[in-house]
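Below is one structure; the comments refer to it alone.
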Amino acid sequence: MLKATLRSFLAHKGRLLLSALAVLLSVAFVAGSLIFSDTVSRTFDRLFASTAADVTVSPKEDLDEAVPSGRTATLPAALAARVRQVDGVAAARAEVDVDGLTVADEDNEPVGPTTGAPTLGTAWNPTERSPVELTSGHAPRGPAQALLDSETAGRKDVRIGDTLTVIAPPGSFKVRVVGIVTFTTTNPGAALVFFDTRAAQTKLLGSPGGATSISVDAAEGVSDAQLKQRVAAALGGHTYDFRTAGEQAESDVEQLGGFLDVIKYVMVGFAGIAVLVGVFLIVNTFSMLIAQRTRELGLLRALGADRRQVRRSVLVEALLLGLVGSTLGLAAGIGLAAGLIELMGLLGMNIDAGEMVIGWVTPVTAYVVGLGVTFVAAYLPARRAAGVSPMAALSDAEVAGVGRPLRMRAVAGAVVGAAGAAALAGCAAATRTSSAASLLGLGVVLTLIATVIAGPLLVRPVIRVLGAAFPALFGSIGRMSQRNALRNPRRTGATAAALMVGLALVGGMSVASASMTRSFDQQIDKTLGADFVIQNTNFLPFPKEVTEEVRGTDGVGLVVRGRFTPVAVRLPDGDRVETTAAAYDPRLDEVANITYVRGDSAAALADGRLAMDRDFARDHGVRVGSTVPVEFQGGRSAELKVGALTDQDSAEGFGTQGGLYFGLATLERYAPGGQDSALYVNAAPGTSDDDLRANLERTLDPYPQVQVRDLADYKQLVHDQIAVLLYLVYALLGLAIIIAVLGVVNTLALSVVERTREIGLLRAIGLARRQLRRMIRLESVVIAVFGAVLGLALGLMWGVCTHQVLALQGMTALAIPWGTIVAVVIGSAVVGVVAALLPALRASRMNVLAAIAHE
């Protein structure tokens, strides 16, 4: 049986190649994501471990910033002198590191990275742990000199002697580049500007006696843990944060972890789609191969092979396929990881591909995925093969049990579909986001399974409708193509299922994104009452001088500032909720339309008061007049009274749970030093919007990071953010379509082999080659469109239910992108034509007499 299995595998290796490609893609994305993330993680582990001081003293920060506040936490630089007196300290330095700077050249063009990485301003304190070294020029002296990293200088053509404008939190100032530094380790993609320590304190922090941290070096024989304990005892363990080199490196890696996790989850998403769609392809391939080998399997049974041996034979073929696909996929995954590393290099993150990390987990995972996918996918066809009777060798019948499985499919599909529909109905009726999202996920999985199970039952009614025009348009060729698609419902359903999965995903996400876009548009129209909004390009806060410049612009009538700050509120029900609160100037009503259930803007923005979303307040037992303890950055806390409750129907999430806001005077009292995140500007009487915009843009020309946006621009900004999600979905769709095309090609190729004698007879009675190719193309088109119709119907149902979840977050508008749906159906027909090219060409080139004689 083993010899027969190996010979059968080698005899059908051409037919199995396309299925091996599905396994290859699945494994490649899994292996590539693991190798890339392991390589980047190790690279940055080394970077942070090699550059971290033995002990770092930093300001205590108990709240995480979900939205940047622009506040730089500091401590007294004089602490370095106290630390030097501690036993076991070899050296201590006051450090200044400020991110979120904007550095512009003489043409007011930013020289920092455009990939989202920060521009950092740092005090020049070179040590053996420094990640850079001075390679040309000299160290900065005084407030008008600076160093720039070589990669930024090369990318933006900045040379020694050039003048740069640095826009820092205290204000903007000019410096002359007097030297270039080069990274000795991995550049994480940031732009670095170095100043002398005094200039960094004055210009970046606005405090000549401030620092952002103290770096401490241990004397010989003193461990990091011992040094940390001694320094903490000298300074007061509850006043500052103390971290050893290992703890600091771990903290730095955690901050970078969000970026790495995004890449990892995207790769896993691609791998998941490849695995899911690949399963359908492999199931279909083995089902067809077994149907074609009915006589061969029957002979094996007649010669004495029992059912277990036949089933084992098919599973061994599947495992051989998985082994080949996994091996090739692992190699492709290494190539994919190398490509990602090169891509990161183009984005400014230089990682040495020669140090690629391939741990033991990667190949093990690759082979587990590849072998597991093929084994699971081939198990049902293997059981079907084991059911072939010895009499099949004489009758040349197809696998037994054709009628019963369809009846079983109907029952199973109905049960699973009913459960899925109930879950989706529960999602639509849910009143809490968490329960609605859980029911949505369950409903999506169950309805997808139900559609796959019941797909063959839908083939005949749906394809009769889709192909109804074929006889009228293409005559007998159209009629035969339609009947060929109807001939084997299981095969047609399995082939279309691969395409259905991808299109269901894109259909659901398209409805969700279109609904989000329309909801945000409605919310902006409803809420925003300002003529213009001034914001940073990447939503970071901007210096106060920008606000002053805007206020002094001709034609400006009103400027209302907006800021964000992390807070923690302790609620009457005992919950402590960390979120992001907003702060505004008193005349908020003139630039925004806020719906209040209780109170008004005056009550919300009064000193010592705050506003809260009514649903959040109801859930936690808060009423107007309730006093809630609020913790601010820097360790300060206050007892604020609830002055107003709002009903904005605005989206929560992104750290803004609770809809909290208060007056800027309150924020300045408890968390001073923040920066404005937005300015809401109205024109003065007699000034047109066009004139005001021109004046504002002229005023803000020296600040390249700041943009002037009107209502339409603001909407477009939101659209662009949502589009990023859609691009990912379209990429997933592209991968699903690639594998689906392989599935259609595989099905048609095997179908052509199965119908060799039939094709020969058709050719013998006068069917032209051109007509034969058209027949196969039409069959492919109707299968592809059938998959598209099922997928889009499923996706629309998912999208509408997803909208119900979004509605609980304030995004109440439902939008269905009919243009996208029509384009997808047309694209599916094109996919069908492309997939049929090679099988149709092969069929048309058959020798007529050889085809008639084929068995």
Looking just at side-chain N and O atoms, do Asp241 and Ser58 make a donor-acceptor pair shorter than 3.5 Å? no

Less than 4.0 angstrom from a charged side-chain N to a carboxylate O is my criterion; do Asp710 and Arg693 meet it? yes

Measure the shortest side-chain to side-chain distance between Leu528 and Val533 over non-hydrogen atoms and say whether it is less than 4.5 angstrom. yes

Taking side chain as C-beta onward, heavy atoms only, is Val550 less than 4.5 Å from Leu700? yes

Drop me the distance from Ile167's CD1 to Tyr703's OH, to the nearest 0.5 angstrom. 7.0 Å

Close side-chain approach of Leu204 and Leu101, heavy atoms under 4.5 Å: yes

Within the structure provided, determine whether His620 and Asp575 are in side-chain contact (heavy-atom separation under 4.5 Å). yes

For the residue pair Asp676 and Thr547, confirm or rule out a side-chain donor-acceptor distance under 3.5 Å. yes

Can you check whether Thr595's main-chain N or O pairs, donor with acceptor, with Thr646's side chain at less than 3.5 Å? no

Which value, rounded to the nearest 0.5 Å, describes the distance between His803 atom NE2 and Ile816 atom CD1? 10.0 Å

Give the minimum heavy-atom separation between Asp573 and Asp619, together with the two atoms involved. OD2-O, 3.8 Å

Minimal heavy-atom distance between Val622 and Pro572, with the atoms involved, is CG2-CD, 3.5 Å

So, are Asp521 and Arg518 salt-bridged, with charged N and O less than 4.0 Å apart? no

Under a 3.5 Å distance rule, please check whether Asn682 uses its side chain to pair with a backbone N or O of Asp531 as donor and acceptor. yes

Report yes or no: does Glu590 contribute a side-chain atom to a donor-acceptor pair with the main-chain N or O of Arg587 at less than 3.5 Å? no

With distance as the sole test, does Thr687 use its side chain to make a donor-acceptor pair with the main-chain N or O of Ala683 at under 3.5 Å? no

Mutual orientation of the aromatic rings belonging to Phe632 and Tyr670 [parallel < 30°, tilted 30-60°, perpendicular > 60°]: parallel

Salt-bridge criterion met for Arg93 and Glu95 (N-O under 4.0 Å): yes

Could you please spell out the steps behind the side chain to side chain contact (heavy atoms under 4.5 Å, CB included) verdict for Ile524 and Val718? CA-CA 10 Å; Ile524 292 170; Val718 174; 4.0 Å; yes

State, without any angle test, whether Ser172 and Glu545 hold a side-chain donor-acceptor pair at a distance under 3.5 Å. yes

Heavy-atom pair with the smallest gap, counting every atom of Ala92 and Val83: CB-CG1, 3.9 Å

Using atom types as modelled and distance alone, determine if a side-chain donor or acceptor of Ser435 lies under 3.5 Å from a backbone N or O of Arg432. yes

Closest approach of Ala52 and Ala245, non-hydrogen atoms and distance? CB-O, 3.8 Å

Test side chain to side chain contact (heavy atoms under 4.5 Å, CB included) on Thr565 and Phe662; report intermediate values, then the result. CA-CA 11 Å; Thr565 184; Phe662 33 69; 4.1 Å; yes

Checking Ser213 against Val57 for the side chain to side chain contact (heavy atoms under 4.5 Å, CB included) test, could you report, in this order, the C-alpha distance in whole Å, the side-chain angles of both residues, the deciding distance, and whether it holds? CA-CA 5 Å; Ser213 64; Val57 184; over 6 Å; no

When you measure from the side chain of Arg82 to the backbone of Ala234, do you find a donor-acceptor pair of N or O atoms at a distance under 3.5 Å? yes

Using a strict 4.0 Å threshold on nitrogen-to-oxygen distance, state whether Glu668 and Arg563 make a salt bridge. yes

Arg709 vs Gln535, test: side-chain hydrogen bond (donor to acceptor under 3.5 Å, both in side chains). Steps then yes/no. CA-CA 8 Å; Arg709 298 187 176 101; Gln535 280 183 316; 3.2 Å; yes

dist Tyr661:OH -> Phe564:CZ (nearest 0.5 Å) comes out at 13.0 Å

Note, Gln633 side chain near Pro59 side chain (heavy atom, < 4.5 Å): no

Are there over 12 heavy-atom neighbours, none belonging to Arg551, within less than 6.0 Å of that residue's CZ? yes

Verdict with reasoning, Leu610 to Thr666, per side chain to side chain contact (heavy atoms under 4.5 Å, CB included): CA-CA 9 Å; Leu610 82 160; Thr666 301; over 6 Å; no

Let me confirm one number: the CZ-CG distance from Phe532 to Leu711, rounded to the nearest 0.5 Å. 10.5 Å

Rounding to 0.5 Å, atoms CD (Gln201) and OG1 (Thr212) come to a distance of 9.5 Å

With a 4.5 Å limit on heavy-atom distance, are the side chains of Val567 and Glu578 in contact? no

For Ser601 and Tyr584, which I'm curious about, is there any donor-acceptor pair between the side chains at under 3.5 Å? no

For the student: nearest non-hydrogen atoms of Thr812 and Ser519, plus distance: N-OG, 3.4 Å

Indicate yes or no for a side-chain donor-acceptor contact from Ser513 to the backbone of Ser510 under 3.5 Å, with no hydrogens or angles considered. yes

Can a salt bridge be assigned to the pair Lys715 and Asp525 using a cut-off of 4.0 Å between side-chain N and carboxylate O? yes

Restricting to non-hydrogen atoms, name the atom on Ala80 and the atom on Ile214 that form the minimum distance, rounded to 0.1 Å. N-CD1, 3.9 Å

Are the side chains of Leu558 and Tyr680 in contact, using a 4.5 Å heavy-atom criterion? no

Is it true that Glu631 and Arg636 have a side-chain N and a carboxylate O under 4.0 angstrom from each other? no

Does the side chain of Lys641 come within less than 4.5 Å of Ser626's, by heavy atoms? no

Parallel, tilted or perpendicular for Phe242 and Tyr240, by the 30°/60° rule? perpendicular

For the atom pair OG1 (Thr802) and CE (Met811), what is the distance rounded to the nearest 0.5 Å? 11.0 Å

Could you walk me through whether Arg698 and Asp701 satisfy the salt bridge (Lys or Arg N to Asp or Glu O under 4.0 Å) test, starting with their C-alpha distance in whole Å, then the side-chain angles of each, then the deciding distance to 0.1 Å, before giving a yes or no? CA-CA 5 Å; Arg698 189 161 43 249; Asp701 184 62; over 6 Å; no

Examine the side chains of Thr699 and Thr553 and answer whether a donor and an acceptor come within less than 3.5 Å of each other. yes

Compute whether any side-chain donor of one residue and acceptor of the other, for Thr527 and Asn593, lie under 3.5 angstrom apart. no

